[in-house]
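Read the structure below first, then the notes.
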Amino acid sequence: MKKNMMKAFLTTAVMGTVMAAGSMMAMAEEPVTVTWFASRPVDGAIDLAIRQIAQQYSEEHGGNWQFEVITEADRPSYLQKLQTLISGGNMPDIIDIDATPYCQELVDAGMLVDVKEYLNQEGLYDKFEPTALAYQEFTNGTMYTLPLEYHVEMIWYNKEIFAENGLEVPKTMDEWLDVCEKLSEAGITPISVDGADRWPVIRYLAMMPFRETGNDYIISLSEGNASMGDQAGRNGIEFFQKIGQYFQEGFAATDYATAQAMFLDGQSAMYYIGDWEIAAMQEAYKNGTIDYFYMPAVDGALTGANEFCVNSGIGMAFNAETFDEKTKDFVKYVIENYGKIYAGMDQMTPIKSELPEDHEFSDLYLRVREDMGSIGEHFLKPWDCYLDSNTCTVVNDNALLLATGDIDADTFISLVDTALEEYKSGF
Amino acid sequence: MKGILKDKKAFLIFLLPALVFYLFSVFYPIAESIRFSFIKWGGLGEKKFVGLQNYIHLFQDKVFYTAFWNNLVYLVIVVGMQILIGLLLAVLLTYLTKGVAFIKTLYYVPCIITAVAVTQLFRSMYATQPEGIINQILKAVGLGQFATSWLTNIKTVLVCVSIPEGWRYTGMYMVIFYAALISLDPEICEAARIDGANGWQTLIRVKLPMIKEVLLLTLTMVLTGALRGFDIPFILTNGGPGNVSELMSTYMYKKAFAGNQFGYGSTIAVFIIAESILVVCVLKVLFTGKDEREERRIQKEQRKMRKLERRSGR
């Protein structure tokens, strides 16, 4: 009996090994597959454009080229999955990442391709909008990510509500607060915010420091050379606390769709979002019910009225280990074709290109595109691109309490400074 | 077959697959967590052995203490709802003669809904924008001043993330308690009644002591479950606003996977494991009465004696 059992066990084991070896041999004969672990909305413009280009490229190469896209649109989940994949030694061929401290760690570990060098080698560097590339750079000027989008962020406002209350578009931050106060007194929710995603809230915290110092303050802060309690930080907090009281009730639990719907339904007077939502704004804009203005200025500040949050979104980075000639060729193909296809989807493209003639662009699109041509030298880069993951979580979580008035400025400062110290001490 | 089963080695062979599976799926991750808790690692590069540094940091970490206290509140609410309400419903159910199966099924439904759906359900109930049912009802009955944004108000959020978890499994524990209660010998209850015990006394003095084992089992399940509670609080508020509804498990996840502090995250995980084991041990001691302990001691001694007798007999 025992002998029989042993025999059965051995047979199964041997069969298993043979089958595993067989499947590995079969895999070796399959065509090349490049995997992109992406953090873009499924069926969004970028997703569709890249898939279309990959399909085209695959057909031109006789189908021996396969492009697999694994998408996780929710950014925090994406980053966690990415970090876990990389920690487990399974970095995909192409990933999406911002120029964050974590990205720098990957660079330091030699895991990412120097995209600036690659673009220069291939003579593609000048094909991009300079600001779109500058956004992808680390503070030391190196660049390891490729931009696929190009955006400006603006404050959308309800023209009808403004007119009914005799309000003008604010030119300065103080005027903006006045507008909010008047709206609030009239019983109207001044601003709707998507607090569930955190980042829209943090933008408000970053505004004053950007006006005063450009990105210098947040760079010093992230490098541990400044405190959240420095003057620029305190001014940022002060403005944030003031404007925070004009957010809708329960904003911390409001999601993206709800906040946007509130604004579009006329339940709030203003809403901060980038041009990527043009499609959603289109109808109300055309009807003349809504319009937009950019981040108001501050008299005598470093950055001017034509300088605000401009970004080229999360970048595409390449695994240094698998970036072979075939992948290089594909990326070149993408850059050559992407601009026109992407613009044809009513998107602002980071790659300079003529607008396709067979597509009719809306006035709104053309107006924003024109605005983008006259932006200044500075641009607000989101704080989460600079701060390490842990500090970023602390800032994100506690800014909500700061805005609702549940914690005071000093508590917030101490929490952020402690997190930064931890990071600096290498804990 | 009888011959084989008598052989202890055959027993072991049959048990081996399950044991190996258990070791790999349960014991190995725990052992790895313990190993990682002495290490500092950001997910990249060299892992650095740091001794007890993570543990020292743990006991100095204010957020961890917040998470610990929050977890206790969460535990009280979840245990209270699942055990007390579950038991109450089970007792009420024993008085029913018709439609028991229907009601049991109805109350069991929340258990089969996924955590994400439960979360969405409660999120919309708690919401202010668009106004959720809770605030609507409060306003309708003239208690509008109590209407609030339940999930962002720091005074209500912790209770609000605890309730869905309690609600979700109340039905399951009701079914367990009901099964235990109806399996009791009706003659004993009748004897109690003849001796003059009323319904309440019968329940407290007779029925509950008789389902003590079931109570112990369910309490163990509920307590350890609540200590590890993660999904609903995480999806509902992600520990926020700030760390007001942070639980140990959500904090552990944040540290390990969002903050890239795998070592420190593991330290929190080890703490949770140790705490769960401690709770189970305390429960065991509490539930083992004096008489029972005495009885067990006697049984043990008897076994020893028998062994000795057998040996000397040979």
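Hydrogens, waters and symmetry mates play no part in the numbers below; they use all other heavy atoms, side chains included. Residue numbering restarts at 1 for every chain, and letters A, B, ... go by the order of the sequence lines. This structure is a prediction, so every number in the text was calculated from the model and none was measured.
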For residues 79-86 of chain A against chain B, heavy atoms under 4.5 Å, the residues are A:Q80, A:Q83, A:T84, A:I86
Heaviest contributor of heavy-atom pairs below 4.5 Å to chain A, chosen from B:N153, B:T128, B:T152, B:L236, is B:T152
Between A:D197 and A:W199 (side chain of the first, backbone of the second, donor and acceptor by atom type, cut-off under 3.5 Å), is there such a pair?
no
**OP:** Look at the rings of B:F38 and B:Y55 and say which category their plane angle falls in: under 30° parallel, 30 to 60° tilted, over 60° perpendicular.
**Re:** tilted
Note to self: Could you check whether B:S245 and B:T237, counting side-chain N and O atoms only, form a donor-acceptor pair closer than 3.5 Å?
What the structure shows: yes
Taking a cut-off of under 4.5 angstrom between non-hydrogen atoms, the residues of residues 247-255 of chain B near chain A are B:Y253, B:K254, B:K255
query = When the aromatic ring centroids of A:F263 and A:Y157 are compared, is their separation below 6.0 Å?
reply = no
Checked A:E105, A:Q267, A:M262 vs chain B; the most non-hydrogen pairs under 4.5 Å come from A:M262
Rounded to the nearest 0.5 Å, the CG atom of B:N54 sits from the CG atom of B:D61 at a distance of 11.0 Å
When rounded to the nearest 0.5 Å, the distance separating CG of B:L143 from NZ of B:K139 is 12.0 Å
For residues 399-409 of chain A against chain B, heavy atoms under 4.5 Å, the residues are A:L400, A:L401, A:D406
State whether A:K424 and A:E223 are salt-bridged, where the test is any N-O pair (Lys NZ or Arg NE/NH1/NH2 against Asp/Glu carboxylate O) under 4.0 Å.
no
Turns out that what part of B:V157 lies under 4.5 Å from chain A's heavy atoms comes down to neither
A:F37 ring center near A:Y78 ring center (under 6.0 Å):
yes
Checked B:A258, B:S149, B:G259 vs chain A; the most non-hydrogen pairs under 4.5 Å come from B:A258
Applying side-chain contact (heavy atoms from CB on, under 4.5 Å) to A:A186 and not counting sequence neighbours gives A:N165, A:I188
The interface call for B:W41 against chain A, heavy-atom contacts under 4.5 Å, is side chain
Review point. Does A:T258 reach the main-chain N or O of A:T254 with its side chain, forming a donor-acceptor pair under 3.5 Å?
Key: no
Is the ring pair A:F240/A:F247 parallel, tilted or perpendicular, if the boundaries are 30 and 60 degrees?
perpendicular
query: Ring centres of B:F257 and B:F262 under 6.0 Å apart?
result: yes
- Taking NZ, NE, NH1 and NH2 as the nitrogens, is one of them in A:R198 or A:D384 under 4.0 Å from a carboxylate oxygen of the other? no
For A:Y272 together with A:W156, are the ring centres under 6.0 Å from each other? no
Self-check item: Aromatic ring pairing B:F59/B:Y65, orientation class (parallel under 30°, perpendicular over 60°, tilted between)
Solution: tilted
